Structures are given as structure tokens and as C-alpha cells.
Amino acid sequence: MAFPSGDDASTDWWRSAVIYQIYPRSFADSDGDGVGDLPGITSRLDDLEHLGVDAVWLSPFYRSPQHDAGYDVADFCDVDPLFGTLEDFDAMATRAHDLGMRVIVDIVPNHSSSDHAWFQAALAAGPGSPERARYIFREGKGEGGELPPNDWRSVFGGPAWTRVVEPDGALGQWYLHLFDSSQPDLDWTREEVRADFDDILRFWLARGVDGFRVDVAHGLVKAPGLPDYTVEQRAAAAEGDPAAQSPHFAQEGVHEIWRRWHDVVAEFGPDRILVAEAWVQPLTRMAHWVRPDEMHQAFNFAYLMTAWDVAELREIIDDSLSSFGSVGAPSTWVLSNHDVVRHATRLALTAPNPQGHGLGPDSPGLPQVDHGIRRARAATLLMLALPGGAYLYQGEELGLPEALEIPGDARQDPTWARTQGERFGRDGCRVPIPWEADAPAYGFSPSGDSWLPQPADWAPFARDSQRGRESSTLELYRAALGLRKAHGLGTGDLTWVDAAEGVLALDNGDVRVVANVSGDDIPLADLSGEVLIASEELDGALPADTTVWLRRG
Ligand code: NOJ
């Protein structure tokens, strides 16, 4: 069932929407197998409506052997039995629409699972076949082809190439996988690949989805000839040198694909959208993904990666508004997702933690849990005051910190195995979320099973422990979302206001937002106006790591 179309304003819903990411494996499990599922999601949608979000985005629930938690898709048009059936999907989407929430689904076009029928056919058909042409197979280097075709590295660690055994039993060609070896990259220079994905988009649009979050939207097209990406180039790129462009990410050629997708999505109405998951820097370049005839939104990872620091925050907010604004797109804001350390831990870390490395119990620079949560609440209240769209990740409304105590043999992120335990990976932000303090698996699963172990001290984070408790993080989010809507902050304009050192102050419509990013309390006399909401109790001062919204006098 499609979302009931409304007036012109409703076609622009995404420009200011708050979109809540559901990670299906870890949201709610209805059948007790320890993995969340679609009926579980349906049963908990009322809680999201109560929270006040405009839309949900679901990470993949498609048929998959689950080597990368479903981002390894074996059938793009079916639901994995682990998560339910297509009918369960329809029931979930109908319920969400009935509650007034849009539904965005993930789509993973850069690669398929190695279990996909396309890849299995490619393996069976052998070198030079049209079946192999769907993927990126190459001969190896060296006398016997024993070396990979180039020096590219997998994002999860190790080489980005795997050699296959040919149908005749001999070692043969290599295939490219920018992620796990179970995720072969598709060859997007091929028209049949493009045409198949047009149909996949139409399949889900016809089922009523309101849009797609597009995985690895900076991938898909590789530099012609697949040139090496030298250590020096990688180091220069890591330092932010835009000239040291990766030969496998952010290639110009991806844009014609997004223009094509834009048209396919538009066939189903002006309110269906595409959201880019693209790790591209700087933001002026990222803005190319959201030109008027390409995608509608892109995740603002530059904002997510910004430290809790006044100067850096101000600069990234300005940059975001001007870069996205220069192409007529709204900025987005995001602090957490299923790939990054939860912001209730990340923003208070005191040691560097490169993206994707994750955290364990003895990682350096871990903050006190309360300190991290306090900072996260302040950061969220700042984010929700900014004009544009905002993304929330399940569990952040409960103030969940990163789960650190996951034994090695329970870890599932391929990063952990591919780096022989050198990087913890992303499991710490993916632990099933707590609903009920006193129920098995905190109400996640009726059997008490959980595909990743839940920390023993999560009862206070459970939704039922927080609901109706005024000072709870859940009620802070709920109140902030209500006020954001009531004051039109998502569609507003931002003006900076002079403030004391260590303090960020801005006006958006009739709301003044003051974030104390410094370590010192600020006397409340400096703040005029009625307090609408504050991330901590004020008690005569604006304490450190606290954000307040005031009604402007
Ligand atoms: C980005 C997704 O968010 C991540 O979880 C996944 O591992 C990679 N893309 C590969 O699909």
C-alpha cells in the first residue's frame, strides 16, 4: 500500500523529515530465534509513532546468507525467511502508512551475494561468458596468474580480490569484492545490470515503498583499466587531498546511474525518494549526489565524524548548509547508524578510533558511560534544531552506549575475522535493543535469545524504564521531536548568534539554541527567553555538555 498522496507540501516531506533507522536483526524478534524480524517490527511501530518520527528506513531483510548481516543479497526481490515473508513486509508497510510514517528500504546495488543466481551462473559459465560479464572478473598477474589483478584492498581488510576454481577444476580468474569475498562487485558498465536494477526498484515501489537508502552510492563505477591505488595515494586521500582520488569510489560515471534511477523513482510519484550512502569528501563534492536530477538526500557523514568541538561544529554546519544548499538540496544530519560507534560513546572518546575499527572492553580512551550519554543528549538536541532532514538510529533514543563486552567467538562482523581480531568492527552498535527491563532479552525476543549478547546492565535503558519518566533520554527525544515540528525547525533558517567561548548559539525561527560545548558552566542570566527544552537540568546555569532551546523574546 502506497502512502496516501496529499498536497504539494507532502511531496516535499523528506526535506525536513526525521527518519528512524530500523536494523531488522536487532529491533524486535517475534518468533524467538534470536534475530529480529518483520512481524516484530510491525508489533512495535506504535512505539515509533509515539516517539514522533516521520519515516522508518529498514536495513536489508532480503534473501541472504547473512555474511554481512544482509548487505550480501542473494535475491533482491524476496524476504529472507529469517525475517519473514513478502506478506509480512506488506503488513509492516501498511501498518506504518496507517500510522502516518513513510517507509524507506535499503537497496544494495554495488554487489550481490556470492550465493546470488547471477554469480553462481558466472562461476559455472567460465571465463569470457556473458554471465561473467555481470561481475568484475579478471586474469591474475604473474606467470601463472597467481597474483591479484591490482592492489585494491577490501573495506573490511585484506585483498579486494579472490581467485576462483574454474569449472574444469583449475585455479583461474579473480573477482573483485570491495567488501567481503562473499560480496562480488557487479559491473555497472553493463546494460543488463542497469536494466535489472530498474526492475528491482519498480518491484518495491509498486509494493508501496516511499524510497530507497542506496548502499555504497559512491561505488558501482570503477576507473577504466582498474589502476592500482598506491599506498602514497591512499595516505594522501586519508589526509583529505581531493586529487588523490580512489579509483573505486566517487567516480564521475556513477552520476548517470543516479539520473536514471531518479527517473524510475519519479514514475511512481514526486514523493518517492533516493538517499545516498556515500562516503565522499569534501561536502561540495558530496553535493553532486543530490543535484536536482539525481538523488534527493545524502547522509552527512562529515557531520557524523565531527568532534564535540565548537569551531569544528560551526564549520561543518556552515559547510553542510552551503554545500547542499548550492544544489537546492536540504542538508541532512546524522550521529549514529549500524556502521559507526554509537554517539553516546564516540563523542566522549579521548583516543583516536578510526571509522570501522570499533571498540572492545580495553580500547584506549573509553569514556564513563554517564559522561558519554550526557554529551550525546546535548549533541542530539543541537542536531534536531538544525534545518533539513535528520536520521536517528534505533536505540539512540534510549541513550544506548556502544556494547563493548562481546566475546570474540560471538562477534559476527566480517571485519573481525578478516583482520584476525585486530579491528573489533561494528557489532558493538548492532546489539538487539532493550524494550522491557524485566523480560527475557529485555523484551527483544520471547525466548530470551539474542544473536549478539546483550550487556547485563541494560535494564535502565529499556523503553519501559524510560517511558513517562521526564528526565529520560526517550522523553527528551520525544519532546524534542514534537517541538521541532511545532516550531518548524526542519524547514527553518539558521543564523549564528555571538556567544561566549566554548558555546555555540544559533537562531532558527523563534527558537534560540545554545549548546555549551565547553567544560564550564555558564550563568543562566546570559540566556534570555523561556526554556523550551534542555538536555540536562539547568539549575541556575547552563552546565557543561548541555544544549538548551529557548523561545526568543
Ligand atoms: C554500507 C553498509 O551500511 C554496511 O553495513 C555494509 O557492510 C557495506 N555498505 C557493504 O554493503
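Remember, it's a predicted structure, so these values are computed and weren't measured experimentally. When a ligand or atom number is given, it counts from 1 through the structure's own listing order.
The residue from Phe83, Tyr62, Trp204 that alone fulfils the ring-ring contact (aromatic ring centres under 6.0 Å, His included) condition with Phe89 is Trp204. Applying salt bridge (Lys or Arg N to Asp or Glu O under 4.0 Å) to Asp413 and the options Arg423, Arg25, Arg426 leaves one that passes, Arg426.
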Ligand 1 polar-atom proximity to protein (N/O, under 3.5 Å):
{"residue": "ligand 1", "atom": "3 (O)", "partner": "Arg213", "partner atom": "NH2", "Å": "2.9"}
{"residue": "ligand 1", "atom": "3 (O)", "partner": "His338", "partner atom": "NE2", "Å": "2.8"}
{"residue": "ligand 1", "atom": "3 (O)", "partner": "Asp339", "partner atom": "OD2", "Å": "2.4"}
{"residue": "ligand 1", "atom": "5 (O)", "partner": "His338", "partner atom": "NE2", "Å": "3.0"}
{"residue": "ligand 1", "atom": "5 (O)", "partner": "Asp339", "partner atom": "OD1", "Å": "2.7"}
{"residue": "ligand 1", "atom": "5 (O)", "partner": "Arg426", "partner atom": "NH1", "Å": "3.2"}
{"residue": "ligand 1", "atom": "7 (O)", "partner": "Asp68", "partner atom": "OD1", "Å": "3.4"}
{"residue": "ligand 1", "atom": "7 (O)", "partner": "Asp68", "partner atom": "OD2", "Å": "2.6"}
{"residue": "ligand 1", "atom": "7 (O)", "partner": "Arg426", "partner atom": "NH1", "Å": "2.9"}
{"residue": "ligand 1", "atom": "9 (N)", "partner": "Asp215", "partner atom": "OD1", "Å": "2.8"}
{"residue": "ligand 1", "atom": "9 (N)", "partner": "Asp215", "partner atom": "OD2", "Å": "3.2"}
{"residue": "ligand 1", "atom": "11 (O)", "partner": "His111", "partner atom": "NE2", "Å": "3.0"}
{"residue": "ligand 1", "atom": "11 (O)", "partner": "Asp215", "partner atom": "OD2", "Å": "2.7"}

Side-chain donor-acceptor contacts of residues 212-220 below 3.5 Å, not counting sequence neighbours, with atom names and distances?
{"residue": "Arg213", "atom": "NH1", "partner": "Asp106", "partner atom": "OD1", "Å": "2.8"}
{"residue": "Arg213", "atom": "NH1", "partner": "Asp215", "partner atom": "OD1", "Å": "2.8"}

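Side-chain contact of Glu277 with Trp279: a donor-acceptor pair under 3.5 Å is present, judged by distance alone. Side-chain contact check for Asp80 and Ser64: no donor-acceptor pair (N or O, by modelled atom type) lies under 3.5 Å.
Note: Trp416 and Phe424 have parallel aromatic rings, judged against thresholds of 30 and 60 degrees for the angle between ring planes.
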